[in-house]
Amino acid sequence: MRTSQYLLSTLKETPASAEVISHQLMLRAGLVRNLASGLYTWLPTGLRVLKKVENIVREEMQRAGANEISMPMVQPADLWEESGRWDDYGPELLRLNDRHKRPFVLGPTHEEVITKLVANELSSYKQLPLSLFQIQTKFRDEIRPRFGVMRSREFLMKDAYSFHLEKDCLEKTYQKMFDAYCRIFDRLGLNYRPVLADTGSIGGDASHEFHVLADSGEDDIAFSDVSDFAANVEKAEALAPTRERAEPKQALAKINTPNIKTIEDVASFLNVDIDKTVKTLLVCGNETEQGEQPLIALVLRGDHQLNEVKAESIAQVASPITFATDEQILEAVGCKAGSIGPIGMNIEIIVDRSAAQLSDFVCGANENDVHFTGANWQRDSSTIEMADLRNVVEGDPSPCGEGSIVIKRGIEVGHIFQLGSKYAEALNCSVLNEGGKNQTLTMGCYGIGVSRIVAAAIEQNHDKFGIKWPKAIAPFQVAIVPMNMAKSARVKETAESLYEQLNNAGIEVLFDDRKERPGVMFADHELMGTPLLLIIGERNLDAQQIEVKNRISGEKSLLAIDEIMSLFE
RNA sequence: CGGGGUAUAGCGCAGCUUGGUAGCGCGUGCGUCUGGGGGACGUGAGGUCGCAAGUUCGAAUCUUGCUACUCCGACCA
């Protein structure tokens, strides 16, 4: 490709709308352009990268024995009603009507469609197991699209689905997919980790996420500092404290804490460590048989954060988690949110195990601007229920039993689930088993965010000059950068001949034939991240040499013209 | 949805407080020079100041409403 025929579209300045580095560089290097919130056009350079990622994913899926298909993006609403997700999925599901006013959705995922397909196509256990996948545009009406293509509304996703008669067969395929994912991210040249994950709204049993490690990631991943344990913080268990709770030493006392609301303020006002305080959150509970919706109090140590996934998994707590309003709190407790505490409160209380281990702690007294000091479980409160409610923090013992927790940020680029029979049941997906009886299938599903990977790769591979593509996904393998070609016939001849040779050898080469100054060309190619630059100038032609610059290592070397092709063998 | 911010040329911004002919840098067309790290000089083009209504002799500037984008919290590949 010649730059004179190519839509280079590089930007010198960083557009104000871009926050994270990958978004900035994707705009600056001319990979994408924004059309509307969460909607992006892929320019030639970006599309080249996207296709490379896509192809690696495709090859490894095929290697894992999955068949590629393509399903419609627009799906009839009745399929979603059948699975129950028409009601469950929420506003993220974009709903629309056709000209006959028939309801449809823009597919955010394809469990319904594929399950229906397989239900129709398969009739015998002999056809199992079966894995199908597609690489296709999805639409999710995200609450807040951000970070460019990292969280866009329209995005490219590989979604694979496997179908089995029995769970042990599903487990085998799951493992196969797990391995395929590792191969994919290895080939992409990314620093990634598989981590234990919550199954979320998709449902099911076992689940792993694949995270690319980067500070801009939206997820916290908990690692063990000695073993290879890794889990999403949502999922990582905070182990119960092993020490015995200390005996009460202080008497329960009320203290005025005027205008003090946050737990940090309480701790500094009373001059106690924040981990000797307790905070109490009121959430909505599940409806009782009498049709009432009670409030439930969740109690955490002052320095800990509520883990909403864990809270939602508690039977009494309504899911999705809903915090009590100020009015509800006033009605139930008789004070403002900043002064609630577990002592003498007429609400069911669930205490995090770390908070339950405290003695002589500080908590709200259920009176405005008053707190208790010297509070103690059992002595001052009725019996309490304990649970794991909090996010793990750095230094916690690792749930695997070895080492302690380290937390890093990750970008979720893949997620695999053992789905079970939720969809197969809802959509009547069954085959005849060996005994000639109908048996509902069990399923796995396996996603990869293809467009997100492009952004994640940049987050992990850039410097102040621009992108440093891993070789496997670079838009071009090499760029020819001639110095003052307009004036030098020698430079032009050499460049043209090299371009022809590289093209003939099937190497993706970008020939910068613009009449630009060297600085402009260098800046553009460094921004675009081409791994190798061939710099042709009068200076080195006397010795029949060309300068080769490696974008990744920064190394420069001189090579004889007729040795250039050996770089690509 | 809640809370902040922004909207003026392709991009980055100033002008608005105190209403009076719309500006700067980069980019861009043309010309000359230059030619191994975003070069210089000359000369052009390019804007219904997000939209609508209002106040006023007069609105980018003041008022009201709307819209879009964006950042911080709940969703997920």
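A note on names: the letters A, B, ... follow the listed sequences, proteins ahead of strands, and every chain is numbered from 1.
- Using a 4.0 Å heavy-atom cutoff across all strands shown, A:Ser152 reaches at least one base atom of the nucleic acid.
- Relative to the side chain of A:Glu13, the nucleotides B:G12, B:G37, B:A77 differ in distance, and B:G12 lies closest.
- The base of B:U70 does not come close enough to the side chain of A:Arg146 for any donor and acceptor atom to sit less than 3.5 Å apart.
- You can call A:Phe155 stacked on the base of B:A77; the centres are under 5.5 Å apart and the planes sit within 30°.
- A donor and an acceptor atom never sit less than 3.5 Å apart when one is taken from the side chain of A:Glu516 and the other from the base of B:G38.
- Residue A:Ser488 is classed as having no contact, given no heavy-atom separation below 4.0 Å to the nucleic acid.
- A:Asn540 comes within 4.0 angstrom of a nucleotide base, judged by non-hydrogen atoms across all strands.
- Between A:Asp220 and A:Arg409 there is a salt bridge, since at least one side-chain N of the basic residue sits less than 4.0 Å from a carboxylate O of the acidic one.
- Across the strands present, B:G23 finds its partner in B:C13; the criterion is a Watson-Crick or G-U wobble pair with both atom distances under 3.5 angstrom.
- A donor-acceptor contact under 3.5 angstrom links the side chains of A:Thr109 and A:Glu111, judged on distance only.
- Using a 4.0 Å heavy-atom distance criterion, A:Ile535 is classed as a base contact.
- Classification of A:Arg490 and A:Glu538 as a salt-bridged pair holds, one side-chain N sitting under 4.0 Å from a carboxylate O.
- Below the 3.5 angstrom threshold, one finds a donor paired with an acceptor across the side chain of A:Arg151 and the base of B:C75.
- Comparing B:G27, B:G12, B:C76 against the side chain of A:Lys12 picks out B:G27 as the nearest.
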